[in-house]
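Scroll down for the structure; my scribbles are underneath it.
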Amino acid sequence: MRLTVVGATGGIGRHLYAQAVAAGHHVTAVVRDPRRLPDPAGPVSTVDLTDADPPALARAVEGADAVLSGLGARSAHETGIALRGTRSIVDAMTATGVRRIIVVSAASVGTVPSPGRPDPPRHNAGDGPVMRHVAARAAKALFRRYYADLALMEDLLRERDLDWTVSRPPRLLDRPLTGRYRTVEECNVRGGMFIGRADVAHHMLSTVERPETFRRVYGIAYDGTRASLRALLGRRREPRS
Ligand SMILES: NC(=O)c1ccc[n+]([C@@H]2O[C@H](COP(=O)([O-])OP(=O)(O)OC[C@H]3O[C@@H](n4cnc5c(N)ncnc54)[C@H](OP(=O)(O)O)[C@@H]3O)[C@@H](O)[C@H]2O)c1
């Protein structure tokens with residue numbers, strides 16, 4: 001397949017890129033600093049999505065069977081980039097006739113009100129009492145601006161006539177790929193507090209050609225509290241880029 005990976009130097013994005021290349025796909029990387037992708041296995045487009053250059057983005061997505069995006073704000077002052085950058089990406093896709101996009105959001109976003117979802121459920125049905133009353137509340141207080149940005153990004157996708165899939169992970173860890181995770185449609189994974197970035201990338205890539213995942217949102221996490229805690233406390237960590 002021909003794939004375009006946006007944010008190929010990011011935490012999830014670099015796994016998307018490496019796994020897609022290892023699977024033998026023709027992969028175009030979209031990055032803002034190509035020096036951070038020293039040995040690219042295919043074309044690299046340099047695009048800062050704060051102020052994207054539409055022709056450059058159109059060239060990066062044209063002919064792709066799918067776009068996989070690990071885009072997200074690196075810091076609170078960059079929030080807004082998930083919406084703005086994804087809008088530029090989907091505009092480029094529409095201009096070039098590309099329909100498939102898979103993006104990263106966050107577990108807490110399911111309960112965040114937005115213009116497109118003004119009355120979301122107060123609690124995520126997958127969250128147990130600790131997640132509901134402690135962890136989700138704390139995360140929402142700390143990451144309010146990130147979640148608002150991601151909720152608007154999800155709204156944007158729902159408005160567009162595209163084959164999108166949204167991955168909503170809980171707290172991300174840098175752990176080796178396990179392939180042992182659960183996903184739940186439209187809901188968080190019960191007891192799933194953590195997930196490795198490599199596994200999120202693995203699931204995103206696994207959805208590319210599955211029409212049943214089109215226009216769907218997936219919670220993803222290690223399977224249950226024990227698996228989550230084992231991963232959290234595990235010694236095999238991967239360096240962050
Ligand atoms: N951290 C968590 O525990 C957590 C939990 C749930 C969901 N999430 C969501 O998951 C997303 C992905 O996680 P991650 O760990 O992979 O994030 P990350 O390492 O911060 O990666 C974000 C990517 O977005 C790119 N980016 C940001 N602003 C850009 C711009 N103006 N133009 C072009 N590219 C831009 C970054 O490019 P550079 O490489 O050039 O910086 C990077 O590739 C997060 O951003 C967040 O929205 C995070």
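In each ligand, atom 1 is the first atom listed, and ligand 1 is the first ligand listed. Quantities reported herein were computed from a predicted structural model and do not represent experimental measurements. Computed from heavy atoms alone, side chains included, the values below leave out hydrogens, waters and symmetry copies.
The shortest separation from a heavy atom of Val31 to ligand 1 is not under 4.0 Å, leaving the residue out of contact. Within the 4.0 Å heavy-atom cutoff, Arg36 counts among the residues contacting ligand 1. Contact between Leu173 and ligand 1 is absent, with no heavy atom of the residue lying under 4.0 Å from the ligand. Not a single heavy atom of Ala107 sits less than 4.0 Å from an atom of ligand 1.
Residue Ala82 does not touch ligand 1, judged by heavy-atom distances below 4.0 Å. Under 4.0 Å from ligand 1, the heavy atoms of Ile81 that appear belong solely to its side chain. In Val104, the part holding a heavy atom less than 4.0 Å from any atom of ligand 1 is the side chain. Within the 4.0 Å heavy-atom criterion, neither part of Val6 lies near ligand 1.
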*Derivation of the salt bridge (Lys or Arg N to Asp or Glu O under 4.0 Å) call for Glu78 and Arg32*: CA-CA 14 Å; Glu78 285 189 335; Arg32 54 181 168 174; 3.2 Å; yes
*Could you walk me through whether Val103 and Leu71 pass the side-chain contact (heavy atoms from CB on, under 4.5 Å) check?*
CA-CA 8 Å; Val103 304; Leu71 178 67; over 6 Å; no
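Near Leu150, meaning under 4.0 Å from any of its heavy atoms, are these atoms of ligand 1: 47 (O). Applying the 4.0 Å criterion to heavy atoms of Arg171 picks out, from ligand 1, the atoms 1 (N), 2 (C), 3 (O). Near Ala106, meaning under 4.0 Å from any of its heavy atoms, are these atoms of ligand 1: 6 (C), 7 (C). Residue contact check: Thr50 has heavy atoms under 4.0 Å from atoms 31 (N) of ligand 1. Within ligand 1, the atoms closer than 4.0 Å to a non-hydrogen atom of Ala73 are 45 (O), numbered from 1 in the order shown. Using a 4.0 Å cut-off to heavy atoms of Gly7, the atoms of ligand 1 that qualify are 43 (O). Close approach of ligand 1 to Gly11 is summarised as follows: ligand atoms under 4.0 Å from at least one heavy atom of the residue are 16 (O), 18 (P), 19 (O), 21 (O).
The shortest heavy-atom contact between Met153 and Ser105 is CE-CB, 4.1 Å.
In this structure, the side chain of Asn188 does not engage the main chain of Asp127 through any donor-acceptor pair within 3.5 Å. For Thr9 (side chain) and Val31 (main-chain N/O), no donor-acceptor pair under 3.5 Å exists by modelled atom type. Between the side chain of Arg168 and the backbone N or O of Ser108, no donor-acceptor pair lies under 3.5 Å. In this structure a side-chain-to-backbone donor-acceptor pair under 3.5 Å is missing from Asn124 to Cys187.
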Using residues 216-223 as the side-chain source, report each donor-acceptor pair under 3.5 Å to any protein atom, sequence neighbours left out, with the distance given to one decimal.
from	atom 1	to	atom 2	distance (Å)
Arg216	NE	Glu185	OE2	2.9
Tyr222	OH	Gly196	N	3.0

Determine all donor-acceptor pairs shorter than 3.5 Å in which one atom belongs to a side chain in residues 42-62; sequence neighbours excluded.
from	atom 1	to	atom 2	distance (Å)
Asp48	OD1	Thr50	N	2.9
Asp48	OD1	Thr50	OG1	2.7

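Applying side-chain hydrogen bond (donor to acceptor under 3.5 Å, both in side chains) to Thr165 and the options Arg210, Arg100, Arg215 leaves one that passes, Arg100.
For ligand 1, one of its N or O atoms has an N or O atom of Arg197 under 3.5 Å away. Taking only nitrogen or oxygen atoms, main chain and side chain alike, Gly13 does not reach within less than 3.5 Å of ligand 1.
Proximity annotation for atom 35 (C) of ligand 1: of Val5, Leu49, Leu71, Asp48, Leu71 comes nearest, heavy atoms only. The residue from Ala29, Gly70, Gly72, Ser88 that puts a heavy atom closest to atom 12 (C) of ligand 1 is Gly70. The option with the heavy atom closest to atom 43 (O) of ligand 1, from among Ser108, Ala8, Gly10, is Gly10. Atom 4 (C) of ligand 1 has its nearest heavy-atom neighbour, among Ile89, Leu172, Thr46, in Leu172.
Here His202 and His15 keep their ring centres 6.0 angstrom or further from each other.
Of the N and O atoms on the side chains of Thr79 and Asp149, not one donor lies less than 3.5 Å from an acceptor on the other residue.
Taking CZ of Arg175 as the reference point, atom CZ of Arg230 lies at 13.0 Å (rounded to 0.5 Å).
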